[in-house]
A.B. asks: 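Structure in structure tokens, see below.
Heavy-atom basis, side chains included; hydrogens, waters and symmetry copies ignored.
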Amino acid sequence: MTQLHESSRYRPTTRSMRFTLSSAFIILLVALFLLKFSPLGTSDRSDKYAQDLFNRFLGDYIYPDTAQNQSLVLLLTDQSLAKYQQGRWPADYTFHGRVLNNLLKHQPRSVFIDFYWMNTSKPGADYLVRVLKRYKRSAVPVYVAVTSTADFRALWPELSDLVIPVSATIDLDASDFVARSYLPYDSARDLPTAAFKLAIDQGVQLSDLKTLPNMQIFWGTRPNAFNESWMESPSDTERSTSSVLTQGFSGLNQNLPYSSALFVRDLLNLVPSKKNSPLGDENQALMEARELIQGKTIFYGGSVSGVQDIVFTPLRDVLPGVFYHAMAFDNLTTWGQGYKADQPHARSWLPTIPLWLLDSVALLFVILPVCLYEFRGMGRPFVTRVDAKLALSPEQQQQFVARFARSAQIVARLSVMLCHLTLRTFCAALPIILLSSWILFCAWVGFDVFNLAAASWVGYAGVITLGFMLDKTKWLQSCTTLWLDTQPSTSQERPHEPKFEEPTPHVQFNREENN
């Protein structure tokens with residue numbers, strides 16, 4: 001019998017290769033369109049949700065706590081207002097001056113005030129101005145949140161050379177109101193944002209703020225030893241990893257914040273943590289406050305009833321808005337120019353590459369193997385040959401079983417079936433393993449080298465599903481065939497080339513037949 005050369009059935013031709021490449025090109029265009037524009041919003045939502053999961057479950061391994069002790073949130077609460085302001089809000093400027101004056105005694109590095117001072121009557125302004133002059137003499141810069149530079153100078157001309165106006169805009173996601181993004185520069189107010197201005201003034205090397213991409217805040221997940229020493233979590237809302245992955249984020253968390261926090265009431269009424277100290281209670285309290293505040297960047301904000309200054313974090317925590325600025329500053333102090341963003345901004349030794357080009361390179365190495373496997377049948381011949389060699393004829397099965405005793409027949413049959421199943425499963429899973437490894441590698445390169453938020457891998461994985469879906473619906477074959485038919489044919493092409501036929505699963509390769 002004539003020997004069967006199976007490899008000749010898969011010899012590439014010009015038209016088949018053009019068909020495969022054209023199919024890959026069409027999928028790539030569709031994928032880039034969906035990733036860029038997300039017509040139904042599904043791509044944006046899946047990417048953001050993946051980013052949140054990455055932040056929550058890998059935060060301990062990805063984000064270091066090296067800058068956790070470089071900043072401190074000073075929080076004004078209802079208890080302080082009830083004690084010192086009889087519950088009135090907004091607080092008069094004498095109260096703010098008192099808080100800042102007590103803070104200056106412990107030598108902070110800088111202070112950001114996350115309150116809009118917009119009371120035109122300005123009660124207690126004289127005392128506040130005197131305190132801010134002490135800050136200037138002590139070379140401690142003070143940053144104040146303003147709506148616009150012009151309005152602030154018109155209302156507070158006496159503070160023009162005492163404070164630095166910055167923007168405190170919170171960039172909430174319109175789809176789910178989660179505080180992920182942070183602006184380097186507020187174009188609407190023509191002001192730098194608080195975290196970026198503080199970081200630059202403290203020596204973090206950043207380029208022009210107007211050209212930098214928006215930061216995607218990576219919220220810290222490591223425990224804060226100082227907060228744990230005196231705070232109690234309102235409720236135990238921790239959920240297992242499996243429940244979050246299967247059911248999603250439902251409900252809100254009230255965990256201890258990552259950034260160190262001190263209440264205004266404790267600053268104004270220092271109480272030592274150690275009683276009966278040899279230094280005396282007052283000196284012990286002052287020493288502890290000095291260790292906590294000295295040399296740190298202070299974020300002075302509020303958590304006041306009736307004031308809607310809260311943020312919803314990717315970890316599903318609800319926090320006062322001042323923690324949003326503190327976490328962004330922590331990101332800049334930790335990563336510097338390499339903070340994670342919504343657009344690629346590579347390291348200094350790498351050129352800036354647009355996101356669409358990175359996506360194209362990453363997706364091409366996903367789409368092309370899928371198209372080769374689906375339309376050229378690459379990988380199928382090998383699996384078929386495995387089936388053919390392992391599929392024994394009835395005579396061969398009888399000879400194989402006859403070599404063993406009757407008690408070993410079941411074991412022998414199960415051994416053959418298990419070997420067949422294992423090898424076939426490995427052959428089928430190998431392409432998926434390779435593609436998944438490539439997707440994870442691209443996600444790592446985007447995160448670590450080009451400083452992209454860890455969300456793109458979901459879009460890449462979706463392209464594989466898209467490719468198989470287009471193939472099963474025959475839409476892609478129709479579009480590709482129509483495209484090729486409009487192109488001029490060459491002499492090397494065969495216009496009526498037969499379609500690929502998958503080999504019969506149980507072809508016998510017997511030596512007697514080949515001979």
A.B. asks: Tell me if the centroids of the rings in Phe115 and Tyr300 come within less than 6.0 Å of each other.
C.D. replies: yes
A.B. asks: Rounded to the nearest 0.5 Å, what's the gap from CG on Leu72 to CG on Leu75? Could you check?
C.D. replies: 10.0 Å
A.B. asks: Is a side-chain donor-acceptor pair under 3.5 Å present for Asp208 with Tyr185?
C.D. replies: no
A.B. asks: Would you please indicate yes or no on a ring centroid separation below 6.0 angstrom for Phe299 and Phe329?
C.D. replies: yes
A.B. asks: What do the steps show when you test Tyr182 against Tyr339 for ring pair (Phe, Tyr, Trp, His ring centres under 6.0 Å), and what is the final call?
C.D. replies: CA-CA 11 Å; Tyr182 196 93; Tyr339 69 88; 9.6 Å; no
A.B. asks: Calculate, to the nearest 0.5 Å, the distance between atoms CE and CG belonging to Met287 and Leu292 respectively.
C.D. replies: 12.5 Å
A.B. asks: So how far is it from Leu191 CG to Thr169 OG1, rounded to the nearest 0.5 Å?
C.D. replies: 8.5 Å
A.B. asks: What verdict does the side chain to side chain contact (heavy atoms under 4.5 Å, CB included) test give for Thr94 and Leu128, after you've listed the backbone C-alpha separation in whole Å, the side-chain angles of each residue and the deciding distance to 0.1 Å?
C.D. replies: CA-CA 6 Å; Thr94 303; Leu128 176 63; over 6 Å; no
A.B. asks: Can you establish whether the number of heavy atoms outside Gln86 located under 6.0 Å from its atom CD is more than 12?
C.D. replies: yes
A.B. asks: What closest approach, in Å, do Tyr93 and Lys122 show between heavy atoms, and which atom pair accounts for it?
C.D. replies: CE1-CA, 3.3 Å
A.B. asks: Kindly determine whether Gln70 and Thr66 satisfy side chain to side chain contact (heavy atoms under 4.5 Å, CB included), including the steps that lead there.
C.D. replies: CA-CA 8 Å; Gln70 297 186 26; Thr66 53; 5.8 Å; no
A.B. asks: Enter the distance from Gln343:CD to Gln216:CD here, rounded to the nearest 0.5 Å.
C.D. replies: 9.5 Å
A.B. asks: Which residues pass the side chain to side chain donor-acceptor pair (under 3.5 Å) test with Gln68, sequence neighbours left out?
C.D. replies: none
A.B. asks: Aromatic contact between Phe450 and Trp444, with the criterion being ring centroids under 6.0 Å apart: yes or no?
C.D. replies: no
A.B. asks: Would you indicate whether Arg153, at its atom CZ, is surrounded by more than 12 heavy atoms from other residues, nucleotides or ligands within a distance under 6.0 Å?
C.D. replies: no
A.B. asks: Please report the interatomic distance OH(Tyr135) to OG(Ser138), rounded to the nearest 0.5 Å.
C.D. replies: 8.5 Å
A.B. asks: Checking Phe218 against Tyr63 for the ring pair (Phe, Tyr, Trp, His ring centres under 6.0 Å) test, could you report, in this order, the C-alpha distance in whole Å, the side-chain angles of both residues, the deciding distance, and whether it holds?
C.D. replies: CA-CA 8 Å; Phe218 198 100; Tyr63 190 74; 5.7 Å; yes
A.B. asks: So, Thr193 and Asp186: side-chain donor and acceptor under 3.5 Å apart, yes or no?
C.D. replies: no
